[in-house]
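Chain letters run A, B, ... following the sequence lines, proteins first, then strands; residues in each count from 1. Since we're looking at a predicted model, the values are computed, not measured.
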Amino acid sequence: MLSKNQIAQRIAKEVKNRQYINLGIGIPTLVANYIPEGLDVVLQSENGLLGIGPFPTEDKVDPDLINAGKQTITLTRDSVLFSSAESFAMIRGGHVDLTILGAMEVSENGDIANWKIPGKMVKGMGGAMDLVASAENIIVAMQHCSRSGSSKLLKECTLPITGISCVKKIVTDLAFLELHPEGGFILKERAPGVSVEEIKSKTEGKLIIEGNIPEMEF
Amino acid sequence: MLSKNQIAQRIAKEVKNRQYINLGIGIPTLVANYIPEGLDVVLQSENGLLGIGPFPTEDKVDPDLINAGKQTITLTRDSVLFSSAESFAMIRGGHVDLTILGAMEVSENGDIANWKIPGKMVKGMGGAMDLVASAENIIVAMQHCSRSGSSKLLKECTLPITGISCVKKIVTDLAFLELHPEGGFILKERAPGVSVEEIKSKTEGKLIIEGNIPEMEF
Amino acid sequence: MIDKRVKNAEEAVQDITSGSTLLMGGFGLSGIPENCIAALEKTDIKDLTVVSNNAGVDDFGIGLLLQKKKVKKMISSYVGENAEFERQLLSGELEVDLIPQGTLAERVRAAGAGIPAFFTPAGVGTEVAEGKETREIEGKTYLLESWLRGDFSCVKAWKGDYAGNLIFKGTARNFNPMMAAAGKICIAEVEELVPVGELDPNQIHTPGIYVQRIFQGVNYEKRIEQRTITQTS
Amino acid sequence: MIDKRVKNAEEAVQDITSGSTLLMGGFGLSGIPENCIAALEKTDIKDLTVVSNNAGVDDFGIGLLLQKKKVKKMISSYVGENAEFERQLLSGELEVDLIPQGTLAERVRAAGAGIPAFFTPAGVGTEVAEGKETREIEGKTYLLESWLRGDFSCVKAWKGDYAGNLIFKGTARNFNPMMAAAGKICIAEVEELVPVGELDPNQIHTPGIYVQRIFQGVNYEKRIEQRTITQTS
């Protein structure tokens, strides 16, 4: 089973050179730490920034520089600042090449649920609905099962959905999967030490297994 | 009969303090020369400028500073530069308080025709359709009659129209008129030496004459 | 020069009445109109509809207006951690309209730009789409969303001049420019108010035409929600 | 840093093919991509659809592409004085689609921003409205207009950096920012190309994310259409 950092690390291998990337809160934020050296990529923060730098040192903390998770950050040499309308123009207009975000559930046709749990206080969808409705290339970081052990890779989402038919790839603690254009989770890689049988038993939605499924390499 | 400059001069009396104003090409541009001292107004140029200054001296000519008529201009102390999208956001959003433009015909319900003459090469509407569709307060500068003597203040426009029910006031070489909300040109002032009878005979659309019509004062 | 200066926040907000719709700049606690909020807190105004990406925290930002029960309805994309907010929502004292962040930004931008409605993909197939017109355009489905206007907007800029021209700093720009343009009356508070002519005309973020009142704010707290630090070794 | 530099205009335009839709920045002859136009003039490309507020003059700007019969269709708001343009139009060699200037700006802006259609008041009741959907919203009638996208866009900025971030100067900004964002491939030519880090990140007009190629232009003529002067006494 992968740790959160390992999920992030495996996702980072999907990053391509010259991509503009939006990283969601949580595991996706950790992806930034594993982007291979030599790749020129730019991170977008939907509150109005391209070029997210590392957290500041104590003396460089600036309340006017935060990311979408409201964490204090720094600029990079190639940073650009802009308004929220411009930021979502970039997202909606398809200028952001890759979106990585967390999910509570994904269905076999690529629907994603990650904003609302009935019965719990709803905090809002933030920018997630815009991101999933607009991005061509969406990778989800999530746990394969809930704490009670039920699968989160489903035939159909049970929670209110955030967007339809949009997820392209998923990295869970157990596996790396791709969404089949006509539905189904294509098992591409197993987490080290995790068997195909285990993944099968923990995936409620249609799982497509073709040939030998390799273990992930880091 | 008023000269072009006098038409501009009369229109300038309608300008109020603290207005943002868009001046069309031709006579409307001349209005800038007659805005009463002490009024704080800002002129908007739809190619992306608030605060149009006078023409530059020879040594200050800058090809990167033109007005919507493509004339070289200067900035004022309170100038702001922006894109065409922002410029028309201002216009469409009703932030420009007063629009002054020329017309070939105006109808008694306030329709305006000023962009196209059938049979002649059509150059385009430029920003005129956006301006007349958006502005709350439109004053037209025009000749009362065509060169052949036919009225340009009509029951209905004969030329392809630029916008519907939008003109609020008109200054012609013969008169100052306001549009009645339910239709008709209300004669408010005569040009010096011009009789009510002459205006009546040269106005094809419904002319509303109430009480004594004073001569314009300059 | 059209002089937009008013003395302070109290003067700027004095004609805001109960029941008004108020547009507020800011993302989280960054770039929020602290002085306007403090001035509103002291008034008797209530039943406000507040449009703001977030709702502040319990004891800062819009949270202060919630504490004083001035807000009837919040229109936001994310309401975050706010115990009083949650209490009022659960008790039915407060209405909340949650909107995708990009849709919120564009609805407010549309209001300022005179666009009454537009199609956007965000929320298609979700509960956000309920009751909304959808249309397939070039093979993709979109929702029709309408403009979102305010009686007043309160924004916070870094620098501003007497004519209301504004420059924002860093990510404190966020929703401020759109909110400014979408309010019938826009009140801008700035950290530094300068005479006209001091700001580069080519580098204004919000042209003064959108701003009706401007004043220099005082005592900015600029509270930080997540103080994340890189340790120097 | 994603390096967007190409050597020159010839390299930048080399994959533009006949039949492409080209978005061009500029208002009149101000802020037009002179180098890209010169490079296109030398190619064999034809049947272009050119989206530009104006169509240049006979011997400069887009007029040069018209002279070489490279343009099948112009989409503009005002085509001005241009004898060759008029000749081609009257002879049926050239199609022209005239669009209100604000609608043109917003249709292109919408394309860059992923908004496929929006309602606007411009043109209601006129021949521009023919065949278009109209709708009454809050007592006023609007037309539905759709986005206007390009295969390529050519824009001209004052300064730019290696990552494609652009700053425009004066009224030469005009349509350039929207055209940049609405082209699948945006080619930016600049008067001064600087390394990343030299432009103030808070003062970029067009973020580099919209720009795919950038080069420093040469020999800018910046022709003036109406040289209006105040005589010094």
When the 4.5 angstrom heavy-atom criterion is applied to Glu191(C) and chain A, the contacting part is side chain

Residue that, paired with Met129(A), satisfies side-chain contact (heavy atoms from CB on, under 4.5 Å) out of Pro121(C), Ser77(C), Pro100(C) | Pro100(C)

Checking Val132(A) against chain C: side chain, backbone, both or neither under 4.5 Å from a heavy atom?
-> neither

May I ask you to name which of Thr141(C), Leu29(C), Ile99(C), Leu90(C) has the most heavy-atom pairs under 4.5 Å with chain A?
-> Ile99(C)

Determine the option with the most heavy-atom pairs under 4.5 angstrom with chain A, choosing from Asn53(C), Leu104(C), Leu89(C), Thr120(C).
-> Thr120(C)

Ser79(A) versus chain C, the contacting section by heavy-atom distance below 4.5 Å | neither

Looking only at Gly48(A), Ser134(A), Ala128(A), Gly124(A), the option with the highest number of non-hydrogen pairs under 4.5 Å against chain C is Gly124(A)

Check whether Ile91(A) gets within reach of chain C through its side chain, its backbone, both or neither, counting any heavy atom under 4.5 Å.
-> neither

Test item: Thr162(A) and Thr126(C) side chains (from C-beta on) under 4.5 Å apart, heavy atoms | no

With salt bridge (charged side-chain N to carboxylate O under 4.0 Å, His left out) as the test, would you mind laying out the steps for Arg173(C) and Glu86(A) before giving the verdict?
-> CA-CA 11 Å; Arg173(C) 189 176 335 175; Glu86(A) 184 76 48; over 6 Å; no

Close side-chain approach of Lys169(C) to Asp62(A), heavy-atom, < 4.5 Å = yes

Report yes if some heavy atom in the side chain of Glu127(C) is under 4.5 Å from a heavy atom in the side chain of Ile161(A); otherwise report no.
-> no

Under 4.5 Å from any heavy atom of chain C - which part of Ala68(A) = both

Note, Gln101(C) side chain near Asp130(A) side chain (heavy atom, < 4.5 Å) = yes

Donor-acceptor under 3.5 Å (Thr228(C) side chain, Thr72(A) main chain) = yes

Segment of Lys116(A) engaging chain C (4.5 angstrom heavy-atom cut-off) | side chain

Which one of Met178(C), Arg109(C), Lys140(C) has the most heavy-atom pairs closer than 4.5 Å to chain A?
-> Met178(C)

Given that the side chain runs from C-beta out, which part of Asp111(A) has a heavy atom under 4.5 Å from chain C: side chain, backbone, both or neither?
-> neither

Using modelled atom types only, decide if a donor and an acceptor are shared between the side chain of Thr230(C) and the backbone of Phe55(A) within a distance under 3.5 Å.
-> yes

Where on Phe85(C) is there a heavy atom nearer than 4.5 Å to chain A: the side chain, the backbone, both, or neither?
-> side chain

Nearest non-hydrogen partners of Trp115(A) and Leu98(C), listed with the distance = CZ3-CD1, 4.3 Å

Ile224(C) versus chain A, heavy atoms under 4.5 Å apart: side chain, backbone, both or neither?
-> side chain

Taking the side chain as every heavy atom from C-beta outward, state whether Pro63(A) and Arg223(C) have any atom pair closer than 4.5 Å.
-> no

Is any side-chain heavy atom of Asn54(C) closer than 4.5 Å to a side-chain heavy atom of Lys70(A)?
-> yes

Of the listed residues (Pro160(A), Gly126(A), Ser165(A), Ala113(A)), which shares the most heavy-atom pairs with chain C below a 4.5 Å separation?
-> Gly126(A)

Are any of the side-chain heavy atoms of Asp64(A) and Thr171(C) separated by less than 4.5 Å?
-> no

Side chain Arg92(A), main chain Gly102(C), donor-acceptor under 3.5 Å | yes

